[in-house]
Amino acid sequence: MFLKNAWYVAAWDHEVTRDPSQVVVLSEKICLYRTQDGEVIALEDACPHRKLPLSKGRVKGDNIECGYHGLTFDCAGQCVWAPGTGRIPSAAKLRAYPVHEKYGLVWVWMGNPAIADPDEIFEIENYGNPDWGINRGAAMELGCNYLYMTDNLLDPTHVAWVHEGSFAQAATKDTPLRVTKTDDGVIVHRWMMDVEPAPFYAKIVPFEGNCDRLQHYEVRYPSHAIIRAVFTPAGTGGVEGPLHDDMFIMDSFNFMTPTTEKTTRYYWFQLRNIRPNDAELSKMMSEDVRKAFEEDRAVLHEVQIGMDQKTSPHIDLPIDGGPLRFRRQLQAMINEEAAVDKELEG
């Protein structure tokens, strides 16, 4: 089950053009296209006549025409032309989804359109700040349920084994974790003091020698993560630390869009507080981050298979405290939403 009353990423903004295309969000097929003025339209991707996807049709003006018999629909999903006698059947209409563009992404609201509020898309500090650099990559298709990815992004410990050549260092194996529950998600975090920078970061941090390192892993409902990495010269970090002028910060933003119960589309980008206009650094970071995410993808694909085919119960460890809290609260939200929907229906 999924939380419906929430914003999910449907596409990168450059992926939506005048040509209609299909995306799948929460097992629902959606047709995306742009009007003549550039507005994004999101409609149920199935003509009510014979269910040919509208994404196989044509955009004409601001309307979209089915490629089978020419039924034509406006931006609100209402049929405005049908072949035959000229009478348009009352059932000739489509669901229209609220959409909003922000952070170079197209967001779609999957629940009750009457309560869709773009202000609920969380604010990203320093997005568009000319003093911060950005790198990003194409969306990734994951062969697993989205909650395995939220588990992964509330689990700083896994980097010690999955990302040995990039994010890992000895301290990531056993430095204690702190778990904090917030109004909109869960945070798992820890400071590791006087350690060598991990391989990925060693090429980037603007200082020499050991560092104090913060791992801040935060996932917000329903499936959006903020991973903050802070590296500051040894002796200047920690909760009460002064933090050095040469500290390096990388904020990684991760948006998991459930496509089906067992597949997920993963959008991501990073912001950094150094060398904002360094194209080579951005390219290197995008390539290295994607390699690390490919390591996650390989593991989580096998986790999905293992959990589907298990012949004995799986176990939880103390390090699973953050993911378990997130899952429990999200399930409570899904249950409450379903109960309200049932009450309204009947």
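What's counted below: heavy atoms across the whole structure, side chains too, no hydrogens, waters or symmetry copies.
Residue I187 belongs to no hydrophobic cluster, having no ILVMFWY side-chain heavy atom closer than 4.5 Å to its own.
Relative ring orientation between Y267 and W12 is described as perpendicular, the plane-to-plane angle rising above 60° on a 0-90° scale split at 30° and 60°. Using cut-offs of 30° and 60° for the angle between ring planes, the W7 and W109 rings count as perpendicular.
Shown here are the ring-ring contact (aromatic ring centres under 6.0 Å, His included) partners of Y8, two or more places apart in sequence or in another chain: there are none. Not counting sequence neighbours, the partners of Q22 by the side-chain hydrogen bond (donor to acceptor under 3.5 Å, both in side chains) test are D45. Checked against side-chain hydrogen bond (donor to acceptor under 3.5 Å, both in side chains), K60 has the following partners two or more places apart in sequence or in another chain: E65. Residues satisfying the ring-ring contact (aromatic ring centres under 6.0 Å, His included) test with W107, not counting sequence neighbours, are H224, F255. For R328, the side-chain hydrogen bond (donor to acceptor under 3.5 Å, both in side chains) criterion is met by no residue, not counting sequence neighbours. Qualifying side-chain hydrogen bond (donor to acceptor under 3.5 Å, both in side chains) partners for K283, counting only residues two or more places apart in sequence or in other chains: E287. For E294, the salt bridge (charged side-chain N to carboxylate O under 4.0 Å, His left out) test picks out R290, R297, with sequence neighbours left out.
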Donor-acceptor list for residues 333-340 side chains, cut-off 3.5 Å, not counting sequence neighbours:
from	atom 1	to	atom 2	distance (Å)
N335	OD1	Q331	NE2	2.9
N335	ND2	Q331	O	3.3
E337	OE1	K4	N	3.4
E337	OE1	N5	N	2.8
E337	OE1	N5	ND2	3.2
E337	OE2	K4	N	2.8

Listing, residues 139-147 side-chain donor-acceptor contacts under 3.5 Å, not counting sequence neighbours, or none:
from	atom 1	to	atom 2	distance (Å)
E141	OE2	R265	NE	3.2
N145	OD1	L147	N	2.8
N145	ND2	E261	O	2.7

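Applying the ring-ring contact (aromatic ring centres under 6.0 Å, His included) test to residues at least two apart or on different chains, the pairs with a partner in residues 181-204 are F167-F200, F167-Y201, Y201-F231. Sorted by first and then second residue, the ring-ring contact (aromatic ring centres under 6.0 Å, His included) pairs involving residues 33-77 (not counting sequence neighbours) are H49-H69.
Atom OG1 of T35 sits about 12.5 Å away from atom CG of D74, to the nearest 0.5 Å.
S282 and R275 share no donor-acceptor pair across their side chains, judged by distance under 3.5 Å alone. Side-chain contact, H216 with D251: no donor N or O sits under 3.5 Å from an acceptor N or O. For the residue pair N254 / Y266, a side-chain donor-acceptor distance below 3.5 Å is found, with atom types taken as modelled.
Within 6.0 Å of NZ in K102 there are more than 12 heavy atoms belonging to other residues, nucleotides or ligands.
Partner V108 forms a side-chain contact (heavy atoms from CB on, under 4.5 Å) with one of L32, I30, V23, T257 and no other, that one being I30.
Residues R272 and Q270 have side chains not in contact (no heavy-atom distance under 4.5 Å, counting atoms from C-beta outward).
G235 and D212 get closest at one heavy-atom pair: N-OD2, 2.8 Å.
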